[in-house]
Amino acid sequence: MKETIYIETSILGYLTARETQNRILSANMEITQAWWQNRRNDFSLYISQVVVDEVTRGDQEIALKRLELLNGLPLLELNQSVRNLSAEFLKRSNLPSKASEDSVHIAAATVHEIDYLLTWNCKHIANAQIQKKLTQISLEFGYNLPIICTPYELLGD
C-alpha cells in the first residue's frame, strides 16, 4: 500500500507560478516540479475542499492550471472531527487566527491519518515550533500529526 500525502495549496502555487528572479522561490519551484514529475506517483495524494477553494483565487488563468492539477485527487471529508481539531489547533497552539485555513489543512490530514502533509508554507505549517504544539494537541485527542514537510524532503534518491 502506498504512503499517503495531503497536498497543501502552496504546492500547487509553486507548480503554476510564473518565472521569478528570486533564487529561493525559483529553486523551490524547480524542486516542486521535480517532485511532481518524479515522485508523486509513488504516493496516494489527497486534498480537501479548502485546497479547491484556495486554488480558485487570484489570476483566473493560473487558477485554471491549478484546478487541472487537482483533477482526480480525492477529497478528504471536512467532518466534525476535522472542524473540532482545527478549532483546538487555533485555540491552543501558536497558530495565529489568520491561519484558520492552514489549521483545517493540518486537521484534515491528521484526522484522516495521512502520512505526510506536503507544503511550502513554512510560516504556519512546516514550522518546527508550531508543529511541536500541534503534536501535543493531536495526541491529546488521540491522533498522530502527519509528518509535515516540503517536496525537497521527499525527493528520494
Side-chain angles (χ1 to χ4, degrees), residues 1-17 22 24-25 27-57 66 69-70 72-157:
M1 188 166 133
K2 290 181 178 181
E3 289 183 298
T4 55
I5 293 182
Y6 179 96
I7 300 293
E8 187 268 333
T9 313
S10 63
I11 300 302
L12 302 156
Y14 276 88
L15 286 171
T16 58
N22 181 310
I24 293 171
L25 293 178
N28 290 351
M29 288 165 52
E30 285 182 38
I31 289 165
T32 306
Q33 290 164 358
W35 183 86
W36 192 260
Q37 291 169 3
N38 302 318
R39 290 297 316 274
R40 74 171 168 168
N41 292 323
D42 297 338
F43 302 91
S44 295
L45 307 182
Y46 295 87
I47 57 169
S48 71
Q49 186 61 46
V50 177
V51 174
V52 176
D53 294 345
E54 287 180 327
V55 300
T56 60
R57 297 179 191 152
R66 290 189 298 253
L69 292 170
L70 298 179
L73 295 184
L75 287 171
L76 297 178
E77 183 184 357
L78 299 179
N79 57 28
Q80 193 60 50
S81 296
V82 171
R83 289 191 290 277
N84 291 345
L85 187 59
S86 174
E88 289 297 320
F89 285 163
L90 284 172
K91 184 167 71 173
R92 298 177 49 205
S93 77
N94 35 0
L95 275 173
S97 58
K98 68 180 180 181
S100 62
E101 290 174 330
D102 296 337
S103 72
V104 174
H105 292 306
I106 301 164
T110 302
V111 167
H112 291 285
E113 300 178 347
I114 301 297
D115 296 310
Y116 302 95
L117 190 163
L118 201 63
T119 185
W120 279 111
N121 180 340
C122 296
K123 186 171 186 178
H124 298 137
I125 300 178
N127 175 305
Q129 289 181 312
I130 291 174
Q131 284 182 58
K132 183 178 180 182
K133 189 65 178 168
L134 295 176
T135 298
Q136 293 168 348
I137 296 165
S138 296
L139 289 172
E140 286 179 34
F141 283 84
Y143 300 111
N144 290 312
L145 192 73
I147 296 170
I148 299 174
C149 58
T150 67
Y152 184 76
E153 296 169 277
L154 291 178
L155 272 178
D157 296 334

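The chain is numbered in sequence order, starting from 1.
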List the atom of [X], the atom of [Y], and the distance in Å for their closest heavy-atom pair.
{"X": "Ser86", "Y": "Ser100", "answer": "OG-O, 4.1 Å"}
{"X": "Leu117", "Y": "Ala109", "answer": "CD1-CB, 4.1 Å"}
{"X": "His112", "Y": "Asn79", "answer": "CE1-ND2, 4.0 Å"}
{"X": "Ser138", "Y": "Thr110", "answer": "OG-CG2, 3.8 Å"}
{"X": "His124", "Y": "Ile106", "answer": "O-CD1, 4.3 Å"}
{"X": "Glu77", "Y": "Val82", "answer": "O-CG2, 3.7 Å"}

Which class fits the ring pair Phe43 and Tyr116: parallel under 30°, tilted 30 to 60°, perpendicular over 60°?
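Judged by the thresholds at 30° and 60°, the geometry between Phe43 and Tyr116 is perpendicular.
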Count the heavy atoms belonging to other residues, nucleotides or ligands that lie under 6.0 Å from [atom1] of [X], then report whether that count exceeds 12.
{"X": "Gln80", "atom1": "CD", "answer": "yes"}
{"X": "Phe141", "atom1": "CZ", "answer": "yes"}
{"X": "Lys98", "atom1": "NZ", "answer": "no"}

Quick one: [atom1] on [X] to [atom2] on [Y], what's the gap to the nearest 0.5 Å?
{"X": "Asn38", "Y": "Leu155", "atom1": "CG", "atom2": "CG", "result": "8.0 Å"}
{"X": "Ile11", "Y": "Arg40", "atom1": "CD1", "atom2": "CZ", "result": "13.0 Å"}
{"X": "Leu85", "Y": "Leu90", "atom1": "CG", "atom2": "CG", "result": "10.0 Å"}
{"X": "Leu12", "Y": "Trp120", "atom1": "CG", "atom2": "CH2", "result": "14.0 Å"}
{"X": "Thr119", "Y": "Ile5", "atom1": "OG1", "atom2": "CD1", "result": "12.0 Å"}
{"X": "Asp115", "Y": "Thr4", "atom1": "CG", "atom2": "OG1", "result": "3.5 Å"}

Hydrogens and angles aside, do [X] and [Y] bring a side-chain donor and acceptor to less than 3.5 Å of each other?
{"X": "Asn121", "Y": "Ser10", "value": "no"}
{"X": "Gln49", "Y": "Asp53", "value": "yes"}
{"X": "Ser48", "Y": "Tyr6", "value": "yes"}
{"X": "Glu54", "Y": "His105", "value": "yes"}

Close side-chain approach of [X] to [Y], heavy-atom, < 4.5 Å:
{"X": "Asp102", "Y": "Val104", "value": "no"}
{"X": "Trp36", "Y": "Leu45", "value": "yes"}
{"X": "Tyr143", "Y": "Ser81", "value": "yes"}
{"X": "Ile130", "Y": "Phe89", "value": "no"}
{"X": "Val52", "Y": "Leu70", "value": "yes"}
{"X": "Asn127", "Y": "Cys122", "value": "no"}

Side chain to side chain contact (heavy atoms under 4.5 Å, CB included) between Ile114 and Glu3, intermediate numbers included:
CA-CA 8 Å; Ile114 301 297; Glu3 289 183 298; over 6 Å; no
Between Glu140 and Lys133, is the closest basic N to carboxylate O distance under 4.0 Å?
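Between Glu140 and Lys133 there is no salt bridge, as every charged N stays at least 4.0 Å from the carboxylate O atoms.
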